[in-house]
Amino acid sequence: MSRGRTDGSQKKRLVASICTVTIFIGFLYVYGGSIFGSQNSGSSALEYGKTLRKLGSSYLGADDDNDGKQDESSSSFGQSDEEDNFVPKSFPVCDDRHSELIPCLDRHLIYQLRMKLDLSLMEHYERHCPPAERRYNCLIPPPSGYKVPVKWPKSRDEVWKANIPHTHLAHEKSDQNWMVEKGEKIVFPGGGTHFHYGADKYIASMANMLNFSNNNLNNEGRLRTVLDVGCGVASFGGYLLSSDIITMSLAPNDVHQNQIQFALERGIPAYLGVLGTKRLPYPSRSFELAHCSRCRIDWLQRDGILLLELDRVLRPGGYFAYSSPEAYAQDEENLRIWKEMSDLVGRMCWRIASKKDQTVIWQKPLTNQCYKEREPGTRPPLCQSDADPDAVWGVNMEVCITPYSEHDNKAKGSGLAPWPARLTSPPPRLADFGYSNEMFEKDMELWRERVDKYWSLMSQKIKSNTIRNIMDMKANMGSFASALKDKDVWVMNVVPQDGPNSLKLIYDRGLIGATHDWCEAFSTYPRTYDLLHAWSVLSDVAKKDCSPEDLLIEMDRILRPTGFIIFRDKQPMIDFVKKYLTALHWEAVATADDEDEVVFIIQKKLWLTSGSFRETE
């Protein structure tokens with residue numbers, strides 16, 4: 001009897017095992033082809049996106065069984081020793097609603113995590129990155145009908161509507177000439193809230209107000225770097241480029257959503273950021289001019305802390321151009337604001353350089369003399385002598401004035417050469433790092449040779465206008481960007497927050513950039529850069545407690561389809577990248593040994609999925 005019962009239970013277990021295996025094989029058949037199989041047609045791409053929709057939906061906060069958490073299997077690839085030799089054939093594709101995802105500026109995440117943020121301080125527009133269990137590990141799909149972007153300089157004035165399918169700004173700002181729908185394109189007449197008739201005329205009038213020669217705002221090369229706060233679609237910065245002025249156009253991901261995305265699609269330098277509670281990711285004394293045209297910022301709040309942040313990043317003698325009703329309106333409320341603002345900037349030792357019609361231009365002092373002459377107890381106070389004005393990553397703003405060092409006070413100015421000599425002249429702050437002029441010049445020569453080699457390796461793939469928006473992910477002194485001076489490109493120079501704070505050298509050379517931590521997502525939209533330069537960035541990340549795989553997916557997010565990445569790293573890291581080429585839809589372009597490093601160049605394919613995609617490559 002005992003034996004008969006045992007045989008029966010064995011048969012039941014066998015039947016159960018067969019059923020389990022059958023179900024498992026069926027699961028693999030349905031899902032495996034899209035997750036691990038190759039994509040050979042538009043239909044397979046469509047299935048690829050649909051079968052993984054839950055991954056994207058959960059990140060967006062849709063109701064599901066995991067309470068909004070991502071499947072652990074999608075967030076742990078390549079982490080264990082058993083997976084070291086695993087070569088993925090594909091990555092999940094995010095839900096279509098992720099086509100514009102900015103992981104650290106995602107309001108859905110804020111709602112999900114029920115963050116208690118002070119909206120009056122703009123904390124909801126500041127960076128809040130997802131914790132590890134809520135990070136996405138999927139590829140961002142382009143929107144329906146996506147096309148290779150219009151090339152510069154034509155792109156300054158028009159972009160494909162399908163690439164940024166948002167036309168609400170065209171309707172909302174139609175009377176201000178921000179942007180206009182025109183067939184399959186969106187065109188930019190060059191207008192703005194306070195310059196309806198064109199940024200070019202507005203810029204010339206500002207130069208005239210300051211008595212600059214030939215009505216040219218660059219002031220014979222002395223005014224080179226500009227910060228445009230609340231920049232809209234960045235027409236102000238776009239029109240300054242022809243005057244050899246480069247602008248960091250800054251705006252949050254607010255009710256005017258996609259304004260920075262439009263700016264970058266146009267080929268104009270721009271960055272997602274806000275004047276909230278944290279310092280801007282730029283060192284002190286970076287800009288000759290700050291600009292606000294109807295930017296709707298309450299400059300009087302918190303004892304003028306936001307104006308003091310502008311003061312920190314302005315150079316000695318720098319200007320703040322302010323176009324707003326407070327500068328000209330005669331109603332009671334605007335007169336009150338003007339009076340209080342004038343009092344505040346007076347205590348900050350700013351003076352009116354010029355005032356005409358709707359615009360006032362203040363100028364920051366060249367020395368500490370005015371600060372010393374203020375009455376005791378005058379607010380805002382000077383910052384503590386041991387405070388570092390160049391510490392910016394995650395650092396709170398302070399209600400204090402950043403005085404000049406003894407050296408800068410004696411210099412009575414920035415001591416910078418006019419542009420373009422500024423680009424190749426040793427910056428005055430070079431000595432802060434113990435670098436000599438000879439080291440600086442050798443660095444320039446080294447990167448000139450390296451850039452020449454890069455372009456030679458890509459010569460079969462690019463034309464003179466193929467590349468416009470470039471990011472140097474570890475910029476050091478900015479010599480990579482300097483070597484590109486004869487090309488019609490601009491470079492976002494990124495300096496890792498845990499390395500030498502050399503970003504001030506980059507700004508002193510007349511270039512722009514931002515501080516960043518590559519363990520987190522960058523503050524930009526998907527598909528905004530044509531070329532990424534990654535010099536030992538993967539090696540640096542691998543030494544930290546964060547994921548190189550996550551970084552590859554982040555690089556894919558910000559890279560435009562058909563764009564390029566130049567990896568310059570040790571051989572093991574290059575081998576690591578090669579494992580993921582198929583999964584990321586990247587194609588190897590060139591490989592070359594260079595000194596003790598390897599140069600590996602890839603191109604991102606234009607892959608199309610889920611509802612929008614014609615066919616895959």
Side-chain angles (χ1 to χ4, degrees), residues 105 117-127 225-231 247-252 254 270-293 295-322 324 326 337 340-350 360-365 368 371 378-384 387-405 408 414 495 497 501 503-504 507 512-516 523:
L105 295 170
L117 304 175
D118 192 330
L119 304 189
S120 69
L121 303 184
M122 300 295 177
E123 287 184 317
H124 54 308
Y125 294 137
E126 294 184 320
R127 289 175 57 85
T225 52
V226 171
L227 175 66
D228 188 14
V229 179
C231 64
T247 305
M248 180 65 79
S249 296
L250 181 79
D254 61 6
Y271 183 85
L272 276 165
V274 68
L275 282 164
T277 66
K278 305 294 184 186
R279 283 180 170 178
L280 297 175
Y282 320 123
S284 65
R285 310 199 313 276
S286 294
F287 301 98
E288 274 93 22
L289 170 71
H291 172 254
C292 158
S293 174
C295 55
R296 298 182 181 275
I297 292 174
D298 177 8
W299 297 107
L300 296 173
Q301 64 174 287
R302 292 175 282 159
D303 298 319
I305 193 170
L306 304 184
L307 267 182
L308 290 164
E309 176 63 1
L310 287 191
D311 184 86
R312 183 185 69 84
V313 300
L314 279 175
R315 298 198 195 278
Y319 300 98
F320 177 41
Y322 186 52
S324 184
E326 298 94 90
I337 295 172
E340 293 183 18
M341 199 164 174
S342 297
D343 178 60
L344 171 61
V345 298
R347 286 181 276 117
M348 291 169 57
C349 291
W350 290 10
V360 58
I361 303 177
W362 284 290
Q363 186 173 24
K364 180 180 174 178
N368 292 330
Y371 306 143
T378 299
R379 294 189 61 82
L382 297 183
C383 298
Q384 296 294 322
D388 183 359
D390 300 323
V392 297
W393 188 250
V395 176
N396 288 330
M397 295 180 189
E398 293 185 58
V399 182
C400 61
I401 298 171
T402 304
Y404 303 124
S405 67
D408 295 332
S414 63
V495 172
Q497 56 86 24
N501 193 3
L503 191 57
K504 56 187 176 183
Y507 273 94
I512 61 171
T515 302
H516 186 63
S523 294

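All figures in this text were calculated on a predicted structure; none of them were measured in a lab.
E309 places a side-chain N or O within donor-acceptor distance of the main-chain N or O of L280, the cut-off being under 3.5 Å. A donor-acceptor pair under 3.5 Å links the side-chain atoms of N501 to the main chain of D390, judged by distance alone. With hydrogens and angles ignored, the 3.5 Å screen pairs a side-chain donor or acceptor of R315 with a backbone N or O of R285. In this structure a side-chain-to-backbone donor-acceptor pair under 3.5 Å is missing from Q497 to T515. Not a single donor-acceptor pair under 3.5 Å links the side chain of Y271 to the backbone N or O of G513. Remark: the backbone N or O of Y282 is paired with a side-chain donor or acceptor of R312 at under 3.5 angstrom.
Scanning for ring pair (Phe, Tyr, Trp, His ring centres under 6.0 Å) contacts around H516 gives W393, W518, F522, with sequence neighbours left out.
Looking only at side-chain heavy atoms (C-beta outward), M248 and D228 stay at 4.5 Å or farther from each other. In this structure, V360 and E326 have side chains that are not in contact, with every pair of non-hydrogen atoms separated by 4.5 Å or more. Residues L308 and E398 form no side-chain contact, since every pair of their non-hydrogen atoms from C-beta on lies 4.5 Å or further apart. A heavy-atom distance below 4.5 Å is not found between the side chains of F320 and I361. Using a 4.5 Å heavy-atom cutoff, the side chains of W362 and M348 are not in contact.
Y404 approaches G317 most closely through the heavy-atom pair OH-N, 4.2 Å. Shortest non-hydrogen contact noted between R347 and P380 is NH1-CD, 3.8 Å. When all heavy atoms of P283 and L503 are compared, the pair lying nearest together is CD-CD2, 3.5 Å. Nearest heavy-atom pair, A251 versus C231, reported as atom, atom and distance to 0.1 Å: CB-SG, 3.9 Å. Heavy atoms only, all atoms of each residue included: C383 and P403 are closest at N-CD, 4.2 Å. Between L344 and W299 the shortest heavy-atom distance is CD2-O, 3.9 Å.
Atoms OH and OG1, on Y371 and T378 in that order, are 13.0 Å from each other to the nearest 0.5 Å. Atom CG of L289 is separated from atom OG1 of T247 by 8.0 Å, given to the nearest 0.5 angstrom. Residue D388 holds its CG atom at 8.0 Å from OG of S284, rounded to the nearest 0.5 Å. Residue L119 holds its CG atom at 5.0 Å from NE2 of H124, rounded to the nearest 0.5 Å.
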Legend entry - Verdict with reasoning, M397 to L275, per side-chain contact (heavy atoms from CB on, under 4.5 Å): CA-CA 9 Å; M397 295 180 189; L275 282 164; 3.7 Å; yes
Inset, instruction - Apply side-chain contact (heavy atoms from CB on, under 4.5 Å) to the pair D311 and K364, showing each step before the final yes or no. - result: CA-CA 7 Å; D311 184 86; K364 180 180 174 178; 3.7 Å; yes
Inset, instruction - Starting from the C-alpha separation in whole Å, work towards a yes-or-no answer on side-chain contact (heavy atoms from CB on, under 4.5 Å) for L314 and W350. - result: CA-CA 12 Å; L314 279 175; W350 290 10; 4.2 Å; yes
Inset, instruction - Just do the side-chain contact (heavy atoms from CB on, under 4.5 Å) check on V229 and L310 with the steps written out, would you? - result: CA-CA 10 Å; V229 179; L310 287 191; 4.1 Å; yes
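Defined by atom type and a distance below 3.5 Å, a donor-acceptor pair is present between the side-chain atoms of R127 and S523.
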Show the atom names and distances, to 0.1 Å, of all donor-acceptor pairs under 3.5 Å that link a side chain in residues 300-307 to residues at least two apart or in another chain.
from, atom 1, to, atom 2, distance (Å)
Q301, NE2, D298, O, 3.1
R302, NH1, G276, O, 3.1
R302, NH2, G276, O, 2.9

